[in-house]
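Basis for what follows: all heavy atoms, side chains included, without hydrogens, waters or symmetry-related copies. None of the values given here were measured: they were computed from a predicted structure.
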There are 2 protein chains.
Amino acid sequence: MKKVSLKDIATAAGVSTALVSYVLTNKEKEARIGEEMAKKIREIARQLNYQPNHIARSLKSGRSFTIGLIVADISNPFFGNIARTIEDEAKKNNYTVIFGSSDENVDKSQDLIHVLLNRQVDGLIITPTEGSEQQLLQLQSQHVPFVLIDRYFPEIAANHITVNNQEAAFQAVSHLVKAGRKRIGMVAYKTTLQHISERIQGYQAALQQHELPAPASLLKRARYSHLKTDIETAIDGLLKGKHPADALFFATNSLAIEGLKYINTLGIHIPNDLAVITFDEAEALDLFYAPVTFVKQPILDMGKAAVRVLLDQIKDNTTAVSNICIDTTLIVRKSCGSQ
Amino acid sequence: MKKVSLKDIATAAGVSTALVSYVLTNKEKEARIGEEMAKKIREIARQLNYQPNHIARSLKSGRSFTIGLIVADISNPFFGNIARTIEDEAKKNNYTVIFGSSDENVDKSQDLIHVLLNRQVDGLIITPTEGSEQQLLQLQSQHVPFVLIDRYFPEIAANHITVNNQEAAFQAVSHLVKAGRKRIGMVAYKTTLQHISERIQGYQAALQQHELPAPASLLKRARYSHLKTDIETAIDGLLKGKHPADALFFATNSLAIEGLKYINTLGIHIPNDLAVITFDEAEALDLFYAPVTFVKQPILDMGKAAVRVLLDQIKDNTTAVSNICIDTTLIVRKSCGSQ
DNA sequence: TAACAATGCTTTATCGTTTAAGCAAAAGGG
DNA sequence: CCCTTTTGCTTAAACGATAAAGCATTGTTA
């Protein structure tokens, strides 16, 4: 059973395809179509269950009404949630989403950009990987609309949606201080990506502000590609020395989860022996025996903002850059002890 | 900067677009292109950084090299993982994936099918919602290739990829029995979907086989749409009566996580007071103080199989149906106590 | 050397839709 | 009653790529 095209309707109605097109795209007024004929065509289209061919439309219009989404890993709930909000928001605007996971890998990222552009996406929403600056500059020179989310590069003037990382980290660490902790360690990713740097800066600023020790040994970094082993080394370094940390600040949920898994095996009790706080939520952190205090990112708002900024840019074909920063919320639970 | 088309290359080389097309799709032999000319065209294409227009190709060929993926909710890691394996596998075959979340809602599912078909996807991979049988029959009558994953409808002869739900449930419950548990409860979704029914059947068969009590009161069902409240009611019913259950079998990870959150608040200790076992893995279940024994689904294999079956059907345009059932693995951890 | 094949390219139609331009016929105006 | 406007439709080109068919040359063979 072949798909029904404008031609089929035109034949059935004994008119030209142009007429049918005008009617079905509601251009009756501009194209001066007779009322009766419009009705007749609509009725035939309904009967034949006509569905417009999106591909043909895209070819003609040069727009695909498709957004390309590049995240680090769609199976990670943080990105899954971002993807979900973007999907919903795109749908409201009659856009669909093609996605790909870069695995924090520059080459995969480049490849994905290629694939998505060849699919003629109208724009991209990207959580950029470390070292992907060139790819973004390339996109700019090709005038491809795109929006960065979660991370960005200060030296690249591109749309981005972020959160107040530094301030949030500052507040999180301050919360630990108020809870009476003295030696506060941090576990971050080994990356130059901006969001992580900002969180580290917030951590350091808080320590300084409260006149707490801030030796380099209290700040540990793990590689994305060797998460488990690096985390274990980091935690050993933080908790097994002469002056073990009495609180830990994790830069992301994946770090916290992996870290807590290991801490569990050490027989260390949260929050008695160690206070814990992290960026991002996760079910695992809810179910933990001492539900973990965390910095809640406004994922819904971020996704909405990303789609809105992108579609605006696609529509207006402007080069004006939107940098949107949304506030986070500190959700206090048991993992930091009293307070 | 406009995109480079075949025409641009043709103009630059002083030849027809047809010639360029033949060369760039490697049809030199069949089309008897001169070696030098082929070289020249390729060189020009490289210099101009030509990227084929996928949309135009799709229009001509009638194939979009795009798969539509409909899951219940992409932000749920189970589906996120499925999406990830499908994405990877599709990519290997030069396919891309458009996705949508149905939220276990029939209308959303119908809407998504519409949207994806209008986008001319070559086929669909679907985790069908309850009551979506008509939609699937409709797809069949339109000869749209599709593959069901995770769930299926016995009365509909369609490709599906599943696991040995009944047997896995049987073994899981038997494991509880071997661990000395006598009153084994189950928490499932309130749905007629096949995968849940099979897990319940496996549970019941195991109780019967081991001559354990199997009153209806030991089997509780929660609505997807009212998960939290229904779970709390269910668990109250199972644990607060005269004969409280000494073990619980959860039909999915979301049920287990929500259930354990509530159990945590009751001061019940796992596994001393209560043994727990569940279908599906989750980080939350790893990090739990008594890591939860679970039935591990072969998500990677399922995703691969789904893509393979779908692409085969798209290629061969056959109506032969593939029903693939893959075995699960029981991963034993602390939540069931001593063996 | 005539007949035919092989070679190297162009022409043209097509996919389904959109839209500017064109063209009758009917309606309106002076 | 002639000229202009309006109305209601059709024609045709275009988006970018593909591929069958066509058409000159050149090369081969009896």
Engineer: List in chain and number order the residues that pass side-chain contact (heavy atoms from CB on, under 4.5 Å) with B:Q51, two or more places apart in sequence or in another chain; answer none if no residue qualifies.
Structural biologist: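 Here the qualifying residues are A:H114, A:N118, B:K3, B:N49.
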Engineer: Which whole-number value in Å describes the distance from A:K29 NZ to D:dT6 C1'?
Structural biologist: 16 Å
Engineer: Can you name the residues that form a side-chain contact (heavy atoms from CB on, under 4.5 Å) with A:Q138, not counting sequence neighbours?
Structural biologist: A:Q142
Engineer: Without decimals, in angstroms, what is the distance between B:E28 CD and C:dT7 C1'?
Structural biologist: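 One finds 14 Å between C1' of C:dT7 and CD of B:E28, rounded.
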Engineer: Where do A:L6 and A:Y50 land on the side-chain contact (heavy atoms from CB on, under 4.5 Å) test, with the steps shown first?
Structural biologist: CA-CA 8 Å; A:L6 284 189; A:Y50 169 73; 3.5 Å; yes
Engineer: Check every strand shown and say whether B:T25 touches a base, only sugar-phosphate, or nothing at a heavy-atom separation below 4.0 Å.
Structural biologist: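 It contacts sugar-phosphate atoms only.
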Engineer: Give the rounded distance in Å between these two atoms: CZ of B:R63 and C1' of D:dT18.
Structural biologist: 15 Å
Engineer: Starting at NZ of B:K27 and ending at P of D:dA17, how long is that distance when rounded to a whole Å?
Structural biologist: 13 Å
Engineer: Indicate every side-chain donor-acceptor pair of residues 28-35 of chain B with a distance under 3.5 Å to a residue at least two apart or in another chain.
Structural biologist:
unit_1, atom_1, unit_2, atom_2, d
B:E28, OE1, B:R42, NH2, 3.1
B:E28, OE2, B:R42, NH2, 2.4

Engineer: Checking side-chain contact (heavy atoms from CB on, under 4.5 Å) between A:P145 and each of A:I314, A:D122, A:D312, which is the one that passes?
Structural biologist: A:I314
Engineer: Does any pair with a residue in residues 70-97 of chain A pass salt bridge (Lys or Arg N to Asp or Glu O under 4.0 Å), and if so which ones, sequence neighbours excluded?
Structural biologist: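 Passing the test, one end in residues 70-97 of chain A: A:D73-B:R84, A:R84-A:E87, A:R84-A:D88, A:R84-B:D73, A:R84-B:D103, A:E89-A:K92, A:K91-B:D111.
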Engineer: Can you pull the salt bridge (Lys or Arg N to Asp or Glu O under 4.0 Å) pairs that have at least one residue in residues 145-159 of chain B, sequence neighbours excluded?
Structural biologist: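 Qualifying pairs: B:E104-B:R151.
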Engineer: Show each protein N/O and nucleotides 9-13 of chain D N/O combination with a separation under 3.5 Å, one pair to a line.
Structural biologist:
unit_1, atom_1, unit_2, atom_2, d
D:dC9, OP2, A:G34, N, 2.8
D:dT10, OP1, A:S16, N, 3.4
D:dT10, OP2, A:S16, N, 2.9
D:dT10, OP2, A:S16, OG, 2.9

Engineer: Rounded to whole Å, how long is the line connecting atom CD1 of B:I41 with atom C1' of C:dC9?
Structural biologist: 10 Å
Engineer: Across the strands shown, which category fits B:S5 at heavy-atom distances under 4.0 angstrom: base, sugar-phosphate, nothing?
Structural biologist: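 Sugar-phosphate: the residue B:S5, judged by heavy atoms under 4.0 Å, touches backbone atoms but no base.
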Engineer: Mind checking what makes side-chain contact (heavy atoms from CB on, under 4.5 Å) contact with A:T191, not counting sequence neighbours?
Structural biologist: A:E130, A:Y189, A:L193, A:I196
Engineer: Measure the distance from CG on A:N118 to P on D:dG16 and round it to the nearest whole Å.
Structural biologist: 14 Å
Engineer: My understanding is that only residues two or more places apart in sequence, or in another chain, count here; which of them pass ring pair (Phe, Tyr, Trp, His ring centres under 6.0 Å) with A:Y95?
Structural biologist: A:F65
Engineer: Looking at DNA chain C, which of residues 43-58 of chain B put a heavy atom within less than 4.0 Å of it?
Structural biologist: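 DNA chain C contact set from residues 43-58 of chain B: none.
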Engineer: Whole-Å distance between C:dC9 C1' and B:K40 NZ?
Structural biologist: 13 Å
Engineer: Considering residues at least two apart in sequence or located in another chain, which fulfil the side-chain contact (heavy atoms from CB on, under 4.5 Å) criterion with A:S58?
Structural biologist: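 Testing A:S58 for side-chain contact (heavy atoms from CB on, under 4.5 Å), a comparison that skips the adjacent residues, returns A:H54, A:S64, B:I55.
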Engineer: Extract all donor-acceptor atom pairs below 3.5 Å that involve side chains of residues 11-19 of chain A and protein atoms in other chains or at least two apart in sequence.
Structural biologist:
unit_1, atom_1, unit_2, atom_2, d
A:T11, OG1, A:K7, O, 2.8
A:S16, OG, A:L19, N, 3.4

Engineer: To the nearest 10°, let me know how far the axis at one end of the helix from C:dT1-D:dA30 to C:dG30-D:dC1 is tilted from the axis at the other, five pairs an end.
Structural biologist: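 About 60°, once rounded to a multiple of 10°.
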Engineer: Round to a whole Å and report the spacing from CD of B:E30 to P of D:dT18.
Structural biologist: 13 Å
